[in-house]
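Computed over heavy atoms, backbone and side chain alike; hydrogens, waters and symmetry mates excluded. One-based numbering, in listed order, for ligands and for the atoms of each. In this text the structure is predicted, and so the values were computed from the model without any measurement.
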Amino acid sequence: MNVEIIPIDRRHVAGFREVLDGVARERRYLALLEAPTPARIRSFVYNNLRNRAPHFVAVDGGRVVGWCDVRPKTHVTLRHSGVLGMGVAASHRGHGVGSALLRATVDQAFAQGLTRVELVVREDNEAAIALYRRHGFELEGRLRCYLIVDGTTHDALQMARIDMGQSPVSTKLRLERPKSRSK
Ligand SMILES: CC(C)(COP(=O)(O)OP(=O)(O)OC[C@H]1O[C@@H](n2cnc3c(N)ncnc32)[C@H](O)[C@@H]1OP(=O)(O)O)[C@@H](O)C(=O)NCCC(=O)NCCS
């Protein structure tokens with residue numbers, strides 16, 4: 001196995017859709033149960049490229065076998081945050097591909113100035129939870145009855161990694177005395 005971890009490019013669009021579709025169809029890991037249409041995937045990837053959003057793929061002999069992306073939020077108050085998604089083809093799990101993808105993507109997200117990367121993971125996805133913990137993600141809460149798959153309800157976990165880096169942190173507290181009210 002000779003897997004490269006590289007930033008996604010237009011030539012990876014079809015392969016990215018294929019690996020996403022395979023993982024979604026396992027029905028155990030993602031909110032999606034199949035990949036979006038080719039047009040939607042193309043627009044997602046082109047949008048990421050335009051915005052320089054962190055999005056890496058793992059490529060083995062020309063075949064895309066994994067991906068990891070962080071979608072930055074758009075509201076002005078949330079622009080320091082991004083939402084992470086990832087997956088590795090079943091054939092390539094357990095060889096360090098997920099770890100390498102996650103490292104590359106999160107490093108780029110923080111290098112670009114994001115200070116919070118968050119994700120939601122199904123609570124029975126032990127491999128993913130172990131991977132996220134190992135990479136500094138912390139549990140923030142349980143999302144109850146978050147997914148229903150084939151009639152079964154699953155909780156999910158909200159996890160995040162914070163990295164303030166060199167970004168200015170607002171520490172100025174306004175501790176003015178409240179004006180005394182005249183009665
Ligand atoms: C989660 C996932 C991306 C991990 O990718 P991977 O290439 O198998 O991961 P790695 O080989 O880099 O393993 C990373 C760590 O995960 C841990 N891990 C892997 N499988 C595990 C399992 N079944 N149980 C517990 N930990 C596990 C290993 O301990 C490993 O750490 P180590 O190298 O110190 O042993 C992969 O399992 C996957 O694609 N799953 C389906 C899609 C998915 O769950 N996406 C995330 C949705 S939130």
Open item on the list: Under 3.5 Å between any N/O of Met86 and any N/O of ligand 1: does that happen in this structure?
Closed with: yes
Task: Sole residue of Glu140, Glu138, Arg133 in side chain to side chain contact (heavy atoms under 4.5 Å, CB included) with Met159 - done: Arg133
Open item on the list: Regarding ligand 1, does Asn125 bring an N or O atom to under 3.5 Å of one of the ligand's N or O atoms?
Closed with: yes
TODO: Answer yes if a protein heavy atom lies under 4.0 Å from atom 48 (S) of ligand 1, otherwise answer no.
DONE: yes
- [ ] Please say whether Gly98 places an N or O atom under 3.5 Å from an N or O atom belonging to ligand 1.
- [x] yes
TODO: Could you tell me if any non-hydrogen atom of Leu102 lies under 4.0 Å from any atom of ligand 1?
DONE: no
Open item on the list: Determine whether any protein heavy atom is located less than 4.0 Å from atom 35 (O) of ligand 1.
Closed with: no
- [ ] Search all heavy atoms of Gln108 against all heavy atoms of Pro54 and return the closest pair with its distance.
- [x] NE2-CA, 3.7 Å
Open item on the list: Looking only at distances, can you tell me whether any N or O atom of His95, backbone or side chain, sits closer than 3.5 Å to an N or O atom of ligand 1?
Closed with: yes
- [ ] Can you sort out which atoms of ligand 1 are near Val97, meaning under 4.0 Å from one of its heavy atoms?
- [x] 7 (O), 12 (O)
Task: Numbered atoms and elements of ligand 1 in range of Gly96, under 4.0 angstrom, heavy atoms - done: 10 (P), 11 (O), 12 (O)
Open item on the list: So for ligand 1, is Leu131 a polar contact partner (N or O within less than 3.5 Å, distance only)?
Closed with: no
- [ ] Identify, for atom 32 (P) of ligand 1, the protein heavy atom at the shortest distance, and state residue, atom and that distance.
- [x] Arg134 NH1, 3.9 Å
Open item on the list: Yes or no, since that's all I need: does a protein heavy atom fall within a distance strictly under 4.0 Å of atom 6 (P) of ligand 1?
Closed with: yes
Open item on the list: Give the atom numbers and elements of ligand 1 that come within less than 4.0 Å of a heavy atom of Ala127.
Closed with: 16 (O), 19 (C), 20 (N), 21 (C), 22 (C), 23 (N), 24 (N), 25 (C), 26 (N), 27 (C)
Task: Leu20 CG to Phe44 CZ distance, which is reported to the nearest 0.5 Å - done: 8.5 Å
- [ ] Using a 4.0 Å heavy-atom cut-off, say whether Val23 meets ligand 1 through its side chain, its backbone, both or neither.
- [x] side chain
TODO: Please state which part of Arg122 comes within less than 4.0 Å of ligand 1, counting heavy atoms only: side chain, backbone, both or neither.
DONE: neither
- [ ] State plainly whether the residues Glu26 and Arg122 are in salt-bridge range, i.e. N to O under 4.0 Å.
- [x] no
Open item on the list: I need the atoms of ligand 1 closer than 4.0 Å to a non-hydrogen atom of Gly94, numbered in the order shown.
Closed with: 6 (P), 7 (O), 8 (O), 11 (O)
Open item on the list: Is any side-chain heavy atom of Arg103 closer than 4.5 Å to one of Phe56?
Closed with: no
